[in-house]
Amino acid sequence: MNQLMMNQSVAQWWDDFRKQTIPDVSSVQRREMRKAFYAGMAQVMLALEECSNIDLDDEVFAALFEQRYQEVRQFFEPEGGVYETH
């Protein structure tokens, strides 16, 4: 994650995501996508919190993170990498 992204709020991440993926949709679709985006963000936060509460060494954590990263990348591959994770 670049320094700029680290200084952004979740709302700013949402806005970047929205502009890249659903720039011209109805207000209902935008609202539902926003709910889904924040639900996904909440799940990530819960997973990170759980990882911080258990005793994982750095190597195990890095492997788990890499597995999730690859899963997300594979999800976007059929879409031509519409939304890059880095």
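Start at 1 with the first residue, then count along the sequence.
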TODO: Please indicate whether Glu50 has more than 12 foreign heavy atoms, meaning atoms of other residues, nucleotides or ligands, lying under 6.0 Å from its CD.
DONE: no
TODO: Determine yes or no for a side-chain-to-main-chain donor-acceptor pair under 3.5 angstrom, with Glu32 supplying the side chain and Gln29 the backbone.
DONE: no
Open item on the list: Return the OG1 to CZ distance between Thr21 and Phe37, rounded to the nearest 0.5 Å.
Closed with: 9.0 Å
- [ ] Determine, using the 4.5 Å side-chain heavy-atom cutoff (strictly less than), whether Phe17 and Val10 are members of one ILVMFWY cluster.
- [x] yes
Open item on the list: With a sphere of 6.0 Å drawn around CG of Asn53, does it hold more than 12 non-hydrogen atoms of other residues, nucleotides or ligands?
Closed with: yes
Task: Value rounded to 0.5 Å, distance of CD in Gln43 from CE in Met45 - done: 12.0 Å
Open item on the list: I'd like to know whether Gln67 forms a side chain to side chain donor-acceptor pair (under 3.5 Å) with Glu71, so could you lay out the CA-CA distance, the side-chain angles of the two residues, the decisive distance to 0.1 Å, and finally the verdict.
Closed with: CA-CA 6 Å; Gln67 289 170 352; Glu71 184 178 357; over 6 Å; no
Task: Phe65 reachable from Val60 in the ILVMFWY side-chain graph, under 4.5 Å edges - done: no
Open item on the list: Using 0.5 Å steps for rounding, measure from the CZ atom of Arg18 to the CZ atom of Arg34.
Closed with: 10.5 Å
Task: N-O pairing of Lys19 and Asp16 below 4.0 Å - done: no
Open item on the list: Tell me the closest heavy-atom pair linking Gln12 and Asn7, and the distance in Å.
Closed with: OE1-O, 4.2 Å
Task: Shortest non-hydrogen contact between Trp13 and Met41, atoms and distance - done: CZ3-CE, 3.3 Å
Task: Transitive ILVMFWY side-chain link Val44 to Leu56, under 4.5 Å - done: yes
TODO: Measure the CD-CD1 distance between Glu49 and Ile54 for me, rounded to the nearest 0.5 Å.
DONE: 11.5 Å
